[in-house]
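See structure below.
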Number of protein chains: 2
Amino acid sequence: MAIIVDKEAKRRDIALSCRDLLQEHGIANLTIAQIAQTAGVGKGTIYEYFDNKEDIVFEIITTFLREDLEYLQQLVTLPLSTREKLFRFCTFRYENEQEGEKYRELFKEFLAISLISKEPAMLRFSQEARAAFRIILEQILDEGVAQGELEERFRGAAESLIIFSTGMVVESRLEGFDTQQELNTILDLFFPTPTQGNPS
Amino acid sequence: MAIIVDKEAKRRDIALSCRDLLQEHGIANLTIAQIAQTAGVGKGTIYEYFDNKEDIVFEIITTFLREDLEYLQQLVTLPLSTREKLFRFCTFRYENEQEGEKYRELFKEFLAISLISKEPAMLRFSQEARAAFRIILEQILDEGVAQGELEERFRGAAESLIIFSTGMVVESRLEGFDTQQELNTILDLFFPTPTQGNPS
DNA sequence: TTGTCTATGACTGACTGTCGGTCAATGAAA
DNA sequence: TTTCATTGACCGACAGTCAGTCATAGACAA
């Protein structure tokens with residue numbers, strides 16, 4: 001009979017081949033024609049694997065988030081203070097000067113789409129990603145409490161920190177916003193002995 | 001000479017006449033043609049007063065934010081506890097069940113635009129609005145410290161609360177997100193005697 | 001084993017409809 | 001007659017569609 005392709009795999013392949021393109025142009029300036037050309041397929045083929053333009057962006061972002069998750073998962077295992085881990089958890093998007101800028105831009109665009117999109121798939125995905133991040137954060141907090149670095153009452157602060165991080169991503173679009181300083185201000189609430197400046 | 005129209009005033013007029021339209025359809029489903037028709041002018045006229053579609057939305061949002069600011073300014077004068085004021089400050093967008101929903105939807109779309117847009121005017125406006133909100137928040141915090149309801153070290157927490165509020169707007173798009181509970185969790189950090197539940 | 005035929009799903013790009021934005025023409029006031 | 005506001009026909013760009021083409025796995029005869 002005919003060839004049967006692995007739809008899921010090809011979807012990922014197309015997404016992967018367009019990562020750079022997306023980072024370079026941004027979502028708004030990315031056309032389906034460009035995507036198709038870069039992926040080396042016809043425009044129609046794109047719609048064989050994706051519902052619409054958002055869906056493509058969505059898939060590409062997923063590849064980034066998977067990497068994020070890997071990074072954060074190994075962060076937990078590093079020999080660092082709880083405060084340092086929390087700090088890195090919340091600022092890892094800002095770590096790399098060069099690549100970080102592009103990545104953050106992309107993440108903002110993703111946030112923008114997911115703010116407006118009412119697609120159930122998009123919402124479900126956001127929720128799953130959040131849950132994964134949250135588990136890691138809770139692990140850091142639990143360890144912090146176990147090691148006496150953190151008061152018991154902060155064990156349930158994972159949600160708050162995630163909300164705060166999200167807020168930081170949005171606010172960082174503004175000139176003069178100092179991510180590290182703002183995060184330290186919050187972390188000072190968590191740790192009895194306030195430390196000014198980046199604790200690293 | 002010919003007629004000289006007050007550009008600024010007409011800009012506001014057009015924006016005002018389209019408030020409902022924007023709330024009804026959302027930004028993505030709002031066309032320039034609709035806007036022009038609703039405002040009772042030709043499509044070309046719109047571009048006499050606005051640079052682009054975003055600019056229109058931007059102007060309409062401004063009218064809402066002006067109202068917000070008025071509300072928050074009078075909030076400071078009410079005879080309420082500091083905690084209650086902070087609570088209301090951060091949740092006022094969620095107060096009204098019916099209208100609040102539409103309003104939040106709009107605000108999210110505004111956030112989405114301002115996340116992506118690199119228009120200097122848009123960024124400047126965001127920063128100005130933020131500064132205005134911040135001043136009110138700082139006033140609440142100062143009063144709280146003065147009245148002994150709040151420890152001195154929380155005087156500089158305005159920035160943190162704004163970031164957190166922004167995060168809440170974004171996260172509230174997700175099913176099962178409880179604004180009030182999350183805000184109380186954070187406020188519990190500020191106030192020595194934790195109060196569970198909505199303090200109102 | 002080899003050659004041939006065929007069903008099927010992958011693939012394509014010309015085409016369509018929509019929409020943001022432009023501009024030449026018109027109108028009105030002074 | 002000048003000047004400015006107004007207008008809607010028009011334009012180009014782009015997302016998304018669909019009728020048709022192509023490539024190959026498998027069936028089967030020689």
Side-chain angles (χ1 to χ4, degrees), chain A residues 1-18 21-22 24-61 109-110 112-114 116-122, chain B residues 1-18 21-22 24-61 109-110 112-114 116-122:
Chain A
M1 289 296 173
I3 315 160
I4 303 294
V5 302
D6 182 339
K7 292 255 177 190
E8 215 31 69
K10 183 135 190 177
R11 204 181 135 93
R12 278 198 301 272
D13 283 348
I14 293 175
L16 220 54
S17 71
C18 294
L21 199 66
L22 182 62
E24 204 57 51
H25 294 74
I27 292 165
N29 302 313
L30 193 66
T31 68
I32 299 287
Q34 277 179 307
I35 291 171
Q37 197 175 13
T38 304
V41 299
K43 200 142 96 75
T45 307
I46 296 292
Y47 287 91
E48 209 58 43
Y49 297 96
F50 300 94
D51 291 339
N52 48 44
K53 194 180 164 185
E54 280 184 8
D55 196 25
I56 302 169
V57 172
F58 172 74
E59 182 68 31
I60 300 177
I61 294 281
E109 293 185 351
F110 163 70
I113 288 182
S114 76
I116 295 175
S117 170
K118 275 142 194 71
E119 282 286 310
M122 175 68 84
Chain B
M1 289 288 189
I3 319 160
I4 302 295
V5 299
D6 182 340
K7 290 254 176 189
E8 219 25 74
K10 183 137 187 178
R11 203 180 136 93
R12 277 199 301 272
D13 283 350
I14 293 175
L16 220 55
S17 70
C18 293
L21 198 65
L22 181 62
E24 204 57 51
H25 293 76
I27 292 164
N29 303 312
L30 193 67
T31 67
I32 299 286
Q34 277 179 309
I35 291 172
Q37 196 175 14
T38 305
V41 299
K43 202 143 90 76
T45 308
I46 296 291
Y47 286 90
E48 207 59 41
Y49 297 97
F50 300 93
D51 291 339
N52 49 44
K53 195 182 166 186
E54 280 184 7
D55 196 26
I56 302 168
V57 173
F58 172 75
E59 182 68 32
I60 299 176
I61 294 281
E109 293 186 354
F110 164 69
I113 289 182
S114 74
I116 295 174
S117 169
K118 276 143 193 71
E119 282 284 310
M122 175 68 85

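Quick caveat, the model's predicted, so the values are computed rather than measured. In what follows, chains are A, B, ... by sequence order, proteins preceding strands, each numbered from 1.
Checked for salt-bridge contact, A:Glu48 and A:Lys7 meet the test: a charged N lies under 4.0 Å from a carboxylate O. Salt bridge status for B:Glu59 with B:Arg11: present, with a side-chain N to carboxylate O gap under 4.0 Å.
One atom, CG of A:Asn29, and another, C1' of D:dA13, lie 12 Å apart when rounded to the nearest Å. Going from atom CD of B:Glu48 over to atom C1' of C:dA24 covers 14 Å, rounded to whole Å. Here D:dA15 presents its P atom at 9 Å from CD1 of A:Ile56, a figure rounded to the nearest Å. Summarising the geometry, the separation between CD1 on B:Ile46 and C1' on C:dG20 is reported as 12 Å, rounded to the nearest angstrom. Between the C1' atom of C:dC11 and the CD1 atom of A:Ile14 lies a distance of 11 Å, rounded to the nearest Å. To the nearest angstrom, P of C:dT22 lies 15 Å from CZ of B:Phe50. Atom NZ in A:Lys43 sits about 11 Å away from atom C1' in D:dA13, given to the nearest Å. Remark: P of D:dC14 and CG of A:Asn52 are 17 Å apart, rounded to the nearest angstrom.
Closest contact between the side chain of B:Lys53 and the listed nucleotides D:dG16, C:dG21, D:dT6 involves C:dG21. The side chain of A:Ile4 lies closest to C:dG9, out of D:dA15, C:dA10, C:dG9.
Distances shorter than 4.0 Å separate none of the side-chain N or O atoms of A:Lys10 from OP1 or OP2 on C:dA10. Dashed line: the shortest gap from a side-chain N or O of B:Tyr49 to OP1 or OP2 of D:dA5 is not under 4.0 Å.
No engagement by B:Ile35 is indicated, since no non-hydrogen atom pair under 4.0 Å with the nucleic acid exists.
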Nucleotides 18-20 of chain D: which of its N/O atoms have a protein N/O under 3.5 Å away?
none

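Although no hydrogens or angles enter the test, the distance criterion places a donor-acceptor pair under 3.5 Å between the side chain of A:Ser17 and the main chain of A:Ile14. A donor-acceptor pair is defined here as one N or O able to donate and one able to accept, closer than 3.5 Å; no such pair exists between the side chain of B:Thr45 and the backbone of B:Val41.
Inter-residue side-chain proximity for B:Val57 and B:Glu109 is flagged as unmet; no heavy-atom pair is nearer than 4.5 Å. By the 4.5 Å heavy-atom criterion applied to side chains, A:Ile61 and A:Phe58 are not counted as neighbours.
The structure places CD1 of A:Ile32 at 4.5 Å from CD1 of A:Ile35, a figure rounded to the nearest 0.5 Å.
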